[in-house]
Structure formats: C-alpha cells, structure tokens
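Written out below as structure tokens is the structure these notes cover.
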Amino acid sequence: MKLIQKIRDRMAKAADALGYSAMDVAASVRPCNDPTHGHYQANAAMALGKKLGRPPREIASELAASVPLDGFLAAPEIAGPGFLNLCLTDQAIATGLEEMAASPCLGLEAPSPKRKLVIDFSGPNVAKPMHVGHLRSTILGDGLARLFRTLGHEVITVNHLGDWGAQFGILLYGYKNLLNREAFNADPVKELSRLYVEVRKHFAADDEDEADSVDPVRDACRLETAKLHRLDPENLELWKQFMPSCLEEISKAYNRLGVSFDHIRGESFYQPYLADVAAQLESLKIAEPSQGALVVLYGEKEAPALIRKRDGAYTYATTDLAAVKHRADHFQPTDIVYVVDSRQAQHFKQVFDIAKRWGITGPKLHHVAFGSVLGPDGKPIKTRDGKASTTLEGLLDEAVKLAAKLNAPEANDSAELAVPVLESEEVASAVGIGAVKYADLSQNRTTDYKFNWDKMMAMDGNTATYMQYAFARCRSILRKAGHLEGSPEAKIKVETPEERFLGVMLLRYAEVLEAAAEDFRPNILTAYLWDLAKAFSVFFQNCPVLKAQEEGALHSRIALCALTSKVLEAVLEVLGIRVLERM
RNA sequence: GCACCCAUAGCUCAAUUGGAUAGAGCAUCGGUCUACGGAACCGAAGGUUGUAGGUUCGAAUCCUACUGGGUGCACCA
C-alpha cells in the first residue's frame, strides 16, 4: 500500500473515533513542503475548528491523541494554527524499504480500477521536417504512455498524422510546377519540404487572415487538395508516392528519441468515414446547414464548428470526430487522451461536446494541453509558415555532440572509469537526448515553453545528466561492493538523518507516480527525481558505504544504494531517458 | 469587437490545486579539494508573487476592476 495511504487510513480512524469526517481528515494529509516540519502533515484541524467554532489546536491535539501509532508513526506534533506534523518511525521506514527492495516492481500494486487509455500524441504534418515544435507533444505523450503502463494500466498509443490536409495541395501544386526532379530523386523529403516553402512564397498574402483577396496560387493549391480529397487518380498516385519517404523520415526521428506507437493512423485513415459522420450529425440535428456549409452552432459568442465546407471538403473537426468514434468502438477504452497544444482548446472542447451529443459516452475524453513553443524573442514559433529554423534533427545532433565533448577521453582522468570507445557513442546519445527530453518534461506543461538552445542542452543542475550521474555513482559503489543486485534480503537500518531522509524519499515512489498520472504531469516526476538525487547526494556525502564502520551499516547502505539506483532507473525509464553504468 | 490563457529573484522556471518563513537551476560572490566518480558538495546574496481592492483562520493560487503580453474566433489542419 502507498505510504500516504497508510497515513490517511490512520488519520481516518482517528477522525472516526472522534466523530469527524474521516474522508475530509484523510484528504487533508499531504507530504510536508518543508522537511523540518516532518514527513507528512494533516491540515484538517483548521477547517474543523472553523466549522465547529472551536480552537483548531484543540482539535489537532484530539486527533493526535486518537491516531493509532502502532510503531509506524512517531507521536504527532502540533504546530502553528493547528497543523499536525507526522513522522514515520525509523522502524517503519526500514520495513517499508525492505518490502520495496524485495518487490520486483518496487512496491507498485495493480491499479484498481484498471484503465485502458488511448493516447494520441505527436501527430506531425508529414512531408515537412520535424522541428522543435513537435517535441513537446511527442515527449510528453510518450512519457505519459510509459507512466500509465508502469502503473499497470493498458495503453494504446496512436500517432494521428497530418497526412491528408491542405499541405498536400501545396505539395502537389509544387510538384507539378516547381519540382527539381534530381533533388527529388536524391532526397524526396528535403525536396518536398523545399517545395512547401517555395510555393508559399508565391501566395499573394502572407497571412491567412488576408486570404480573401485574389490569390491564384493559393486557389490552385486548394484545387489540388480538393482533387486529392475527391480521390483524383493522378493526385492520389502522387500522394501514395510521397507517403513512404515521409514515413521513413519521421520514423528516423522517433527512433532516435526512443518513441514508438502502437498505431500510426493519419487523417487519411478516417477519410472514408467522413461522409457518414456528417450525415449522422445532420440527421440527428446536431449539425445544420448554414451558408452552404454544414456546421454545429454555438450561439452568438462562440464560433461554430465546421463539419463540411462549402466546397464539400471535410474539416479536421470531422476527422477528429470520426477518430473518436472509431477509437471508442474499436478499442473500447476508458479514456482517450489528446496531447495537443493549448491553442486547440476550443477545437477539442467542441469535438468533445459533439461526440457526447452524438452518443459517445463510454470513454472519458481528455485534452492534455500544453503551452506553445516560443522563439527566443518570446513569440510563438509558427510551424505553418515553414520558417522554423531549428529542425529536430539538428537539435538532437547538437545535443549529442555536446555530450560527446564532455565525455571525451581527456575529460576523464580515471582510467578505470573511462568509458570504452564502443560505449562512448551510446553514452553521448543517452546524455544528449536525455538532456533535451528532460528540459521539456521538467517544465509545467501548461505554461508556454520558451525555446532556448542552451537550456535545452544544459547538463548542469536539475537535468537528466545529473540523474544519470547519480545513477552511475550508485552503480559504481555497487560494482565495488560486489553487490550489483544489492542483496534484496539485506536488513535495512536507518540511523542517521541522511538515511532517514533518503529512505522516506524512496518510499514515496509509488505515490509520486500516481500524483503525476492524476493530472498528466510528468514534471512531478522530474521534481521527485531532483529531490531524490539530492537526498542521495547528501547521504553519499555523509554516510560512508564501503568504509562503513560496522557490517550492519555496510549492508544496509549497500541496500540503500541499490534501491536508489533502481528508483532512479525506474523513473527515468518512465520519462523515456536511458541510464548508464559509466559516463 | 467577443472568448480563453498568462504575468513569481537579473535570466529560465517550481510551488503536490487554499496551508506554515514563496522554492530551485543558471548567472554572481565565497568556501570544500590526495576524491566509496569533481559531470560533485556546502554557503551567501537576490521577492510588496504586474497594480488596486475583495473573499477567510490562511491567497502566488479563488472573485472584481485595471495594466501589459499571448492565443483562438466559417470554409488551413
């Protein structure tokens, strides 16, 4: 059972015995912000005091007197206006750690209820090179998928590619009018992406907003898109010709990032269903004709959702609705999760609303929104104008190069620790890509993301490198001790403040995973990693392991190192970041 | 014009969703230095949480107004 749950149960019992709401009291238990206050705190007394018109400290002391300690908790302390500070006993910490060490999954229990989540993330527009703007959805989505899998839920990952949109109209027009045949044969994706930018230069208006004016090239592109959507043989043939190299291109990026999908289903996959979706929505009176289009109206204040355009083409709302329907029917999930930036909030609000009215009520729909990627100037990087200069590949190359430099032979003074040449490439890749991922995951996902090259590749401070380093040191000790597995049956004793602090931190593992899953927030995991690695550093600095004075302490500390390395590895694994024996 | 989001240390960001003295990293300054791996550790300095009110035991967090930024708003996806 999770640590916090054990404490909540005890507080609930105390509340029950006193006639207070067990649920409220249990819910008021939380980890202490400030470790000097204790391990956990219960904050219910203030609210109860207010409600009952009694001094909160009095209620706190009643709770303190009634809570069953049974060797698990130390006597609670009352502080401030009525905080109840709770500390685990050394015995409880030691026992918890021993149980955790003996458990193959570090004490995680099967979830109840078990969920089945479809997670939709990444979804790049193909035929354009991926750039930093695609990073967040990809890394976040992959991290969340790993997180829910680790917690024991069933996860189906889907990459909803932009493979059927207007960008193909642009490409088709470019291919037919501006193609460099030689360049295309040599590197189709590069040439297609050049065409995309090139064609857009021929648009009369740079901005979509001004698109009403006369614009022959833009109109021609629209025509190509429409022809493709009508399954015009020539355009369809070209589309089929473009796709394999497009897919190959994006899979290169995914391989480097260590990201994979259960299903790659682009917009084109749902294309055959769209007419039926529109027809159903119309016959159910959810959608209605307006100005030649088919729309779902949302009153004066909100723009309508477009289902079918005047020219007969369907929109991405329709595609998303077809996808919801298909996923609900086909996978029967408990949740469908969209990891898409927050600018799509209104779109998803409408799609979710229409889906519900359409009768799709089984799965819970989540828009896991995240902030935009801002350029160094603080302005959002626009992906559509093709101006994004930082390609994903370039970024990853740079990060790996930087990591390799840090790891160069002359930077390593110890022959014993020198990384074999065969491994060094592996190390640079793990460190460099880990740094990039961590930079993204450690930020609160809802706030905007200011892209900063240096920060993204930073390897100081709260970074993946620091965690990988802590792990490598752990492993180094274990290697020297000849206990790589850390002998799971070892007795653990916590006797110093450093051991106590590290021990409680380790015990919080399960609770932290759940907290991160609760709101789809991987930065809770990185914050935990930072706390854990710091706790290990302090322990490591102050408590000799291999030179411990007595045998009991030696084995106990080896076990602590082993457990620390396992937890670091497990959480990094959840984030999709590799660990290293040496670096 | 309508709607939504944001504003926290010099910079980049946290703050477990209303809890204790608002915390980190970088940068700055000082210390550790024959080390169970220096990609490290310890310390200092840095704040009227955009402004003004309000709600309550308690507000960065909730409400109102204002200022400054951003995003979305019928035929792109």
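Chain naming here is simple, since letters A, B, ... match the order of the sequence lines and numbering starts at 1 in each. All values reported here derive from a predicted model rather than from experimental measurement.
The side chain of A:A293 has B:A74 as its nearest neighbour among B:A40, B:A39, B:A74. Distance from the side chain of A:Q443 is smallest to B:C13 among B:C73, B:U12, B:C13. Side chain of A:R473, nearest nucleotide from B:A40, B:C13, B:A74: B:A40. Which of B:C36, B:A39, B:U12 sits closest to the side chain of A:L406 comes down to B:A39. For A:N125, whose side chain is taken as the heavy atoms from C-beta onward, the closest listed nucleotide among B:A77, B:A14, B:C75 is B:A77. The side chain of A:P304 lies closest to B:A74 when the candidates are B:C36, B:A39, B:A74.
Remark: RNA chain B takes part in the stems B:1-5 with B:69-73, B:10-13 with B:23-26, B:28-32 with B:40-44, B:50-54 with B:62-66, each of 3 or more antiparallel Watson-Crick or G-U pairs, criterion distances under 3.5 Å.
A close approach under 4.0 Å does not occur between any side-chain nitrogen or oxygen of A:K301 and OP1 or OP2 of B:G1. Contact annotation: A:K309 reaches the phosphate of B:A77 (side-chain N/O to OP1 or OP2, under 4.0 Å). Residue A:T447 places no side-chain N or O under 4.0 Å from the OP1 or OP2 atom of B:G70. Distances shorter than 4.0 Å separate some side-chain N or O of A:S476 from OP1 or OP2 on B:G37. Distances shorter than 4.0 Å separate some side-chain N or O of A:Y466 from OP1 or OP2 on B:C41.
Taking the P atom of each, B:C2 and B:A65 are spaced 13 Å apart, rounded to whole Å. When the C1' atom is used for both B:G47 and B:U21, the distance is 13 Å, rounded to whole Å. B:A15 and B:C76 have their C1' atoms separated by 39 Å, with the value rounded to a whole Å. Comparing the C1' positions of B:U56 and B:U32 gives an interatomic distance of 48 Å, to the nearest angstrom. Taking atom P in both B:A22 and B:U48, the straight-line distance is 12 Å, to the nearest Å. Straight-line distance between the P atoms of B:G72 and B:A77: roughly 16 Å, to the nearest whole Å. To the nearest whole angstrom, the two C1' atoms, one in B:U49 and one in B:A24, are 16 Å apart. A distance of about 16 Å separates the C1' atoms of B:C42 and B:A35, rounded to the whole Å.
No salt bridge links A:K534 with A:D531; every basic N to acidic carboxylate O contact stays at or beyond 4.0 Å.
Taking the ring centroids of A:H202 and A:Y173, they lie at or beyond the 6.0 Å cut-off. You'll find the ring centres of A:Y270 and A:H160 inside the 6.0 Å limit. Ring to ring, A:H37 and A:F83 are not that close: their centroids are 6.0 angstrom or more apart.
Using a 4.0 Å heavy-atom cutoff across all strands shown, A:Q167 reaches no nucleic acid atom at all. Across all strands shown, A:C543 has heavy atoms under 4.0 Å from base atoms, whether or not it also approaches the sugar-phosphate. Nucleic acid contact for A:A317: none, since no nucleic acid atom lies under 4.0 Å from a heavy atom of the residue. Across all strands, A:Q291 comes closer than 4.0 Å to base atoms (heavy-atom distances). Residue A:E300 is out of contact with every strand shown, counting any heavy-atom pair closer than 4.0 Å. In this structure, A:M46 reaches the bases: a heavy-atom distance under 4.0 Å links it to at least one base atom across the strands shown.
A donor N or O paired with an acceptor N or O is found under 3.5 Å between the base of B:A74 and the side-chain atoms of A:S290. Looking at A:N85, its side chain comes within 3.5 Å of the base of B:A20 through a donor and an acceptor atom.
The residue among A:K547 and A:A79 whose nearest nucleotide of RNA chain B lies closer to the 5′ end is A:A79. The residue among A:R308 and A:T446 whose nearest nucleotide of RNA chain B is located toward the 5' end is A:T446.
Across the protein-nucleic acid pair, A:I477 atom CD1 and B:C36 atom C1' stand 5 Å apart, rounded to whole Å.
Distance check: A:D320 CG to A:Q344 CD gives 8.5 Å after rounding to the nearest 0.5 Å. Here A:Y509 contributes atom OH and A:L563 contributes atom CG; the two are 10.5 Å apart, rounded to the nearest 0.5 Å.
The number of heavy-atom neighbours closer than 6.0 Å to CD of A:E511, taken from other residues, nucleotides and ligands shown, is above 12.
Classified by its glycosidic torsion, B:U51 falls in the anti category, the angle being over 90° from 0.
Contacts between residues 530-540 of chain A and RNA chain B, counted as heavy-atom distances below 4.0 Å, involve A:W530, A:K534, A:S537, A:V538, A:F540.
The aromatic rings of A:W164 and A:H229 sit parallel to each other, their planes meeting at less than 30°, with 60° as the upper class boundary. Taking the six-membered ring where tryptophan is involved, the planes of A:F348 and A:H367 are tilted, since the angle between them lies from 30° to 60°. The aromatic rings of A:W453 and A:F451 sit perpendicular to each other, their planes meeting at more than 60°, with 30° as the lower class boundary.
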> Passes salt bridge (charged side-chain N to carboxylate O under 4.0 Å, His left out), A:R475 versus A:E581? Steps please.
Replying inline: CA-CA 6 Å; A:R475 297 292 291 174; A:E581 289 295 321; 3.0 Å; yes
>> One pair to check against side-chain contact (heavy atoms from CB on, under 4.5 Å): A:E518 and A:E514. What are the steps and the verdict?
In response: CA-CA 6 Å; A:E518 175 76 30; A:E514 295 226 340; over 6 Å; no
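Side-chain atoms of A:K455 and A:Q443, non-hydrogen and from C-beta on, do get closer than 4.5 Å to each other. Residues A:R557 and A:P544 are in side-chain contact: their nearest non-hydrogen atoms beyond the backbone lie under 4.5 Å apart. For the pair A:T446 and A:S342, the minimum side-chain heavy-atom distance is 4.5 Å or more.
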Under-3.5 Å N/O pairs linking protein and nucleotides 15-17 of chain B:
| residue | atom | partner | partner atom | Å |
| --- | --- | --- | --- | --- |
| B:A15 | OP1 | A:R521 | NH2 | 2.3 |
| B:A15 | OP2 | A:N444 | ND2 | 3.2 |
| B:U16 | O4 | A:N33 | OD1 | 2.2 |
| B:U17 | OP1 | A:R30 | NH1 | 3.3 |
| B:U17 | OP1 | A:R30 | NH2 | 2.6 |
| B:U17 | OP2 | A:R30 | NH2 | 3.0 |
| B:U17 | N3 | A:D519 | OD2 | 3.2 |
| B:U17 | O4 | A:D519 | OD2 | 3.0 |
| B:U17 | O4 | A:R521 | NH1 | 3.2 |

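For A:F83 and B:A20, the ring-to-base geometry satisfies the stacking test (centroid distance below 5.5 Å, interplanar angle below 30°). Ring-base stacking between A:Y316 and B:A77 is satisfied, the centre separation being under 5.5 Å and the plane angle under 30°.
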